[in-house]
Amino acid sequence: MTYNFVQEMNKPERFAGGHRLCAGCGAAVMARNVLRSLEPEERVAIVNATGCLQAATFPYPYITWEDSWLHSAFENAGATCGGVEAAYRALRKRGKVKEEYKLLAFGGDGGTYDIGFQSLSGAMERGHDMVYICYDNEAYMNTGIQRSSSTSRFADTTTSPAGSVIPGKPQNKKDLTQVMIAHNIPYVAQTTLLSNMKDLNEKARRAIHTPGPAFLNILAPCPRGWRYETDQLMDMTKAAVETCFWPLFEVVEGKFHLSYKPKKKLPIEEYLKPQGRFKHMFKQGNEWMIEEFQQEVDRRWEELLKKCGE
Amino acid sequence: MIKDRLSGNEAVALAMKSMNMDVMAAFPITPSTEIPQYFSQFVADGATETIFVPVESEHSAMSACIGAQAAGARSCTATSSCGLALMNEVLSVASSLRLPITMCCVTRALTGPINIHNDHSDAMGVRDCGWIQLYAENAQEAYDNYIMAVRIAEDPKALLPVMVCQDGFITSHAVENIILLAEDEIRKFAGFYEPENYLFNSREKVAYGPYDSPVYFMEHKRQQAQAMIDSLEVINAVSQSFGDLTGRYYDLLEAYRAEDADRLLVVLGSTAGTAKQVVDELRKAGEKVGLIKIRAFRPFPVQALVQALGNAKIVAVLDKSEGMSANGGPLFADVCAALGGRGPRLVNYIYGLGGRDVRPLHIKEVFEHLKDDIEGKTPAAKTAANYRYLAVRE
């Protein structure tokens with residue numbers, strides 16, 4: 001099926017306006033477009049981990065979601081969705097639920113890479129027919145920009161501040177997508193918010209229609225945490241992809257496919273420079289930080305190219 | 001009538017199977033491990049249609065139950081000790097979402113130091129989480145309580161999760177004579193889970209678990225508290241109809257030879273069995289002693305307790321957990337609050353921690369102390385101390 005942006009945009013909205021997410025928030029664009037990959041007649045039940053997306057979309061009694069939705073806690077979206085899926089199988093078997101449902105779980109990087117990691121890993125290993133979608137904004141944004149294991153090295157966060165002795169987060173970003181691939185589940189993909197959302201839409205669609213567990217990792221910038229102007233969201237994601245910091249790829253039944261290879265890989269400064277959280281890296285004498293950051297991006301990109309047979 | 005010989009764990013696993021649960025999610029922990037073991041065997045042998053979810057932690061067990069129950073399924077789990085403590089956070093989620101999940105808590109000491117034997121520190125640690133807690137004296141009661149638990153939980157007046165507690169090893173592993181119900185009788189009694197709202201309701205969508213601001217939070221808690229108050233009536237009604245079916249009638253508490261007693265004990269769980277034997281012996285010798293066994297600890301049966309304790313001169317509340325309040329155990333605190341300073345004098349004994357054996361001689365010792373207290377024979381310093389220990393080296 002050919003992707004038609006206009007057609008996608010004209011679908012009935014499943015993620016209503018009026019939510020409390022910030023202007024320029026990647027999570028809202030992410031959720032809206034993942035849901036847009038569903039056909040209007042497709043039914044879905046959604047589990048949401050605690051985080052910005054949850055808190056800002058259901059402040060009682062107002063709700064953004066047009067579909068049935070469940071929030072339990074921060075670290076358990078995987079297990080909770082697994083329970084929903086077990087119920088689905090039980091109720092379908094007994095004829096109590098006649099309609100077909102797709103099951104989605106949303107969590108931020110805090111709820112996915114860190115506190116909810118065990119719950120996610122367990123759910124994927126058990127093979128629940130569900131899609132876990134991580135919106136990765138590289139820190140605990142809901143509590144005020146604290147570092148997570150997803151936070152990039154050197155990033156200035158409120159618990160990895162760029163001080164006079166320690167220049168931001170000392171550790172490299174955890175590569176969760178590779179960890180999920182190691183679960184040997186049928187579908188894993190990495191994407192972000194780009195131009196007409198084709199890449200995200202198609203990957204979400206494939207994930208949702210893959211029987212068994214699927215994992216989507218979606219880079220979803222945060223203007224407060226990354227310190228960029230709210231109208232620059234799409235510039236952030238584009239730079240992440242063009243510098244190969246956030247490669248677009250998918251792994252279908254263990255086979256790697258690179259979704260996009262930049263004609264000319266841009267230097268990492270293009271991604272780092274517009275973000276206030278990396279500002280200190282551009283001070284005189286800190287060139288080594290940019291060099292080491294670039295080396296890590298290159299190393300991971302080369303490894304990925306090999307896996308993709310490029 | 002089906003007569004059998006089963007352990008408490010086996011009996012509860014059988015009750016869960018008979019109930020035709022939709023989903024069972026559990027993680028092994030001593031001494032409740034056998035329940036998911038028996039249950040997964042039922043599933044493996046095709047003896048039940050229930051979906052068994054072998055989760056990777058107790059936190060995930062309760063989370064999966066929350067997801068399943070919210071989706072419209074009847075779900076259950078079993079755990080003990082640290083497993084229950086790990087669930088703590090999501091226990092409150094389950095009760096505040098008004099999800100009638102049922103669980104068997106095979107009581108065991110909470111770690112610190114690690115100990116696998118029985119006391120009530122695990123269940124007491126979650127007593128404020130909004131779950132109904134029913135305590136069983138033996139395997140028969142664990143089985144019966146579990147069958148009743150599903151109907152109590154799902155009653156629209158309650159809509160609260162229920163924890164059926166049985167004492168680790170003492171009840172869970174000891175094989176006893178038991179009377180079972182036929183599966184069709186249980187299914188008829190338990191009925192079907194037909195929630196008003198659930199995720200897979202195609203007629204009406206639902207959202208669970210909002211962010212609740214100070215404008216609404218307190219009203220929601222008040223409603224939840226009312227459900228706990230109303231569940232006293234629900235427990236009584238369900239117990240009545242269970243009695244009509246089986247001939248085994250249960251109240252919120254059991255008063256054993258208590259009516260004219262001047263000395264009474266208040267206990268939870270298997271200790272009641274030991275204490276009843278002591279009461280019988282002492283009664284034979286002409287001593288006016290009796291026992292109150294609390295069956296429903298949450299909701300706390302205030303009225304029934306005040307009535308049952310009314311004529312005694314002194315009451316010893318036996319706590320199988322240390323509340324670390326410097327003021328006695330949690331059961332003692334609730335009994336004190338129920339009496340509000342009226343009625344008989346109350347003393348507290350902390351006993352049986354971490355599986356410390358509770359023998360008839362220990363129960364006799366308590367009754368003797370109480371006699372001394374009444375007769376003013378105990379030294380003044382000791383009389384003043386209402387917070388006591390039983391069978392401990394000090």
Side-chain angles (χ1 to χ4, degrees), chain A residues 20 43-48 50 54-94 96-101 103 105 116 118-126 128 130 142, chain B residues 20-25 27 49-75 77 87 89-90 92-94 96-97 99 101 192-194 197-213 215-217 219-220:
Chain A
R20 269 71 160 166
R43 293 173 189 275
V44 66
I46 297 162
V47 173
N48 205 160
T50 309
Q54 161 270 325
T57 58
F58 189 9
Y60 184 86
Y62 306 105
I63 186 146
T64 300
W65 308 82
E66 298 287 352
D67 296 290
S68 278
W69 183 92
L70 166 65
H71 159 247
S72 166
F74 192 7
E75 71 281 50
N76 65 354
T80 307
C81 197
V84 173
E85 192 263 356
Y88 180 63
R89 272 186 285 150
L91 298 174
R92 288 274 285 183
K93 196 159 71 174
R94 290 180 168 167
K96 285 187 176 176
V97 172
K98 306 260 189 300
E99 304 81 5
E100 206 177 295
Y101 278 83
L103 306 178
Q118 174 185 319
S119 177
L120 165 66
S121 178
M124 296 287 110
E125 181 272 331
R126 289 190 299 274
H128 296 290
M130 57 181 268
N142 196 37
Chain B
N20 205 14
M21 297 287 180
D22 295 304
V23 173
M24 202 258 188
F27 186 81
E49 285 184 320
T50 307
I51 305 283
F52 177 64
V53 189
V55 282
E56 82 300 329
S57 75
E58 290 88 351
H59 194 282
S60 286
M62 187 43 58
S63 299
C65 285
I66 288 169
Q69 198 85 26
R74 188 179 268 174
S75 71
T77 186
M87 283 182 187
E89 176 200 22
V90 270
S92 294
V93 173
S96 72
L97 294 181
L99 297 172
I101 299 160
F192 293 103
Y193 179 46
E194 276 159 2
N197 305 108
Y198 57 106
L199 297 176
F200 296 130
N201 182 354
S202 60
R203 297 174 300 280
E204 193 184 358
K205 287 164 187 169
V206 65
Y208 279 99
Y211 172 73
D212 214 18
S213 73
V215 183
Y216 300 103
F217 185 87
E219 280 70 25
H220 287 143

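All of these numbers come straight from a predicted model, not from anything done at the bench. Lettering follows sequence order; numbering is per chain, from 1.
Heavy-atom distances place the backbone of B:M21, and not its side chain, under 4.5 Å from chain A. Neither the backbone nor the side chain of B:N197 comes within less than 4.5 Å of any heavy atom in chain A. Of the atoms belonging to A:L103, it is side-chain heavy atoms, and not backbone ones, that fall under 4.5 Å from chain B. Only the side chain of A:E99 comes within less than 4.5 Å of a heavy atom of chain B; its backbone N, CA, C and O stay farther away. Both the backbone and the side chain of A:D67 come within contact range of chain B, each with at least one heavy atom under 4.5 Å from a heavy atom of that chain. For B:A25, no part lies under 4.5 angstrom from a heavy atom of chain A. The contact between B:S57 and chain A is made by backbone and side chain atoms together, counting heavy-atom distances below 4.5 Å.
The minimum heavy-atom distance between A:H71 and B:G209, with the atom names listed, is ND1-O, 2.9 Å. The minimum heavy-atom distance between A:V97 and B:F200, with the atom names listed, is CG2-CB, 3.6 Å. Nearest heavy atoms, B:Y193 versus A:K96: O-NZ, 4.1 Å. Between A:A79 and B:S63, the closest heavy-atom pair is CB-CB, 3.8 Å. Taking both residues in full, the closest heavy atoms of A:A86 and B:I51 are given as O-CG1, 3.7 Å, listed atom of the first, atom of the second, then distance. Contact record, A:L70 with B:A70: CD2-CB, 4.0 Å, taken as the closest heavy-atom pair.
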Check against side chain to side chain contact (heavy atoms under 4.5 Å, CB included), A:H128 and B:V53 = CA-CA 10 Å; A:H128 296 290; B:V53 189; 3.9 Å; yes

request  = Assess whether side chain to side chain contact (heavy atoms under 4.5 Å, CB included) is satisfied between B:E56 and A:E125, documenting all intermediate values.
outcome  = CA-CA 10 Å; B:E56 82 300 329; A:E125 181 272 331; over 6 Å; no

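Between chain B and the residues A:A77, A:A56, A:S119, A:A45, the largest count of heavy-atom pairs under 4.5 Å involves A:S119. Ranked by heavy-atom pairs under 4.5 Å with chain A, the first of B:A61, B:C65, B:G72 is B:G72. Between chain B and the options A:E75, A:E85, A:K98, heavy-atom pairs under 4.5 Å are most frequent for A:E75. The residue among A:A90, A:S68, A:G82 with the most heavy atom pairs within less than 4.5 Å of chain B is A:S68. Contact count versus chain A (heavy atoms, under 4.5 Å) is highest, among B:S75, B:A71, B:A68, B:S213, for B:A68.
The structure places CE of B:M87 at 12.0 Å from CG of A:N76, a figure rounded to the nearest 0.5 Å. For the atom pair OG1 of B:T50 and NZ of A:K93, the computed distance is 7.5 Å after rounding to the nearest 0.5 Å. With values rounded to the nearest 0.5 angstrom, A:R126 atom CZ is found 6.0 Å from B:S60 atom OG. Here the NZ-CH2 distance, from B:K205 to A:W65, works out to 13.0 Å after rounding to the nearest 0.5 Å. Taken to the nearest 0.5 Å, the CZ atom of B:R74 stands 11.5 Å off from the CG atom of A:L91. Remark: B:D22 CG to A:Y88 OH distance equals 14.5 Å, nearest 0.5 Å.
Residues A:S72 and B:V90 form a side-chain contact, since some pair of their non-hydrogen atoms from C-beta on lies under 4.5 Å apart. No side-chain heavy atom of A:W69 sits less than 4.5 Å from a side-chain heavy atom of B:P210.
The aromatic rings of A:Y60 and B:Y216 stand perpendicular to each other, their planes meeting at an angle above 60°, with 30° marking the opposite boundary.
Note on A:R94 versus B:E49: salt bridge recorded, some NZ/NE/NH1/NH2 to OD/OE distance being below 4.0 Å.
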